[in-house]
Amino acid sequence: GQVIGKIKIITMKNILSLILLLSLTGIYAQSPVGKWKKITHVSTFEGQTFDSHIALLTQRPCAAKIVYEINADATFRLNASQSGCDEKYMKVQEKLYSETKWKVEGNKITISSIKDFAVGQSYIISFSGNKMIWKGTDGQGTITYQKL
């Protein structure tokens, strides 16, 4: 009887540990770290709603293959190396993100190319399945990324 009781206790502790581990990974899964592709950037200007990303793709279909890399070291990079876009366009786009950093505070993500984040853009960040949604806090629209 004594041995069976100890086995039950150990099993219960293992189950509780597993539940705790799963709940912590659920929180961690909400991190923006990863490789993403932009699928929409919807904005409203003078009452008109438009998707600037879809408009870009009509001019430069290669932009659909651009990868946004949000790294654990707080860097946010645009990688156009596998996009098939022309060299000049790739260099300009990658340079725009060459100094960009990111930080999350609560449900707000801020991106900036200035070290102390004195100037930057902030978005309310949320996740839905394999998508990450950034809703601009200063009228810069809503950007949707899809996890690669």
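Since the model is a prediction, treat every value here as computed from it, not as a measurement.
Between the NZ atom of Lys65 and the OG atom of Ser83 there is a distance of 8.0 Å, given to the nearest 0.5 Å. To the nearest 0.5 Å, atoms SG (Cys62) and CD (Gln82) are separated by 12.5 Å.
Hydrophobic clustering of Ile, Leu, Val, Met, Phe, Trp and Tyr side chains at less than 4.5 Å, counting indirect connections, unites Phe127 with Tyr123. At a threshold of 4.5 Å between side-chain heavy atoms, the hydrophobic network of Ile, Leu, Val, Met, Phe, Trp and Tyr places Ile111 and Ile133 in two separate groups. Placement of Val104 and Ile124 in two distinct hydrophobic clusters is found when ILVMFWY residues are connected by side-chain heavy-atom separations under 4.5 Å, directly or transitively.
The side chain to side chain donor-acceptor pair (under 3.5 Å) analysis of residues 42-51, with sequence neighbours excluded, yields the pairs Thr44-Thr49.
Using a 4.5 Å heavy-atom cutoff, the side chains of Ser112 and Gln121 are not in contact. Taking the side chain as every heavy atom from C-beta outward, Ile109 and Trp102 approach each other to under 4.5 Å. By the 4.5 Å heavy-atom criterion applied to side chains, Asn71 and Arg77 are counted as neighbours. The side-chain heavy atoms of Lys37 and Leu148, taken from C-beta on, include a pair separated by under 4.5 Å. No side-chain heavy atom of Lys108 sits under 4.5 Å from any side-chain heavy atom of Ile125. The shortest side-chain heavy-atom distance between Ile66 and Leu78 falls under the 4.5 Å cut-off. Using a 4.5 Å heavy-atom threshold, the side chains of Leu56 and Thr58 count as separate. Contact annotation: the side chain of Glu94 approaches that of Asn79 to within less than 4.5 Å [non-hydrogen atoms, C-beta and beyond].
Contact record, Ile70 with Pro32: CB-O, 3.4 Å, taken as the closest heavy-atom pair. Of all heavy-atom pairs spanning Ala63 and Cys85, the tightest one is N-SG, 3.7 Å. The shortest non-hydrogen separation linking Thr75 to Lys101 is CG2-NZ, 3.7 Å.
Checked against side chain to side chain donor-acceptor pair (under 3.5 Å), Lys91 has the following partners two or more places apart in sequence or in another chain: Glu87.
At a threshold of 4.0 Å, the pair Lys35-Glu69 counts as salt-bridged, since one of the basic side-chain nitrogens sits closer than that to a carboxylate oxygen.
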Could you list the donor-acceptor pairs under 3.5 angstrom formed by side chains in residues 134-144, with sequence neighbours left out?
from: Thr137; atom 1: OG1; to: Ser122; atom 2: O; distance (Å): 2.9
from: Gln140; atom 1: OE1; to: Thr137; atom 2: N; distance (Å): 3.4
from: Gln140; atom 1: OE1; to: Asp138; atom 2: N; distance (Å): 2.8
from: Gln140; atom 1: NE2; to: Ser122; atom 2: O; distance (Å): 3.0
from: Thr144; atom 1: OG1; to: Thr40; atom 2: OG1; distance (Å): 3.2

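In this pair, Trp36 and Tyr145 present their aromatic rings perpendicular. The plane angle is above 60°, beyond the 30 to 60° band. A tilted orientation is assigned to the rings of Tyr68 and Phe76, their planes being inclined by 30° to 60°.
Cation-pi contact between Lys103 and Phe117: present, with separation from the ring centre below 6.0 Å and deviation from the ring axis of at most 45°.
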Worked check of side chain to side chain contact (heavy atoms under 4.5 Å, CB included) between Gln93 and Leu96: CA-CA 5 Å; Gln93 293 303 307; Leu96 287 174; 4.0 Å; yes
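Residue Gln146 places its CD atom among more than 12 non-hydrogen atoms of other residues, nucleotides or ligands, all under 6.0 Å distant.
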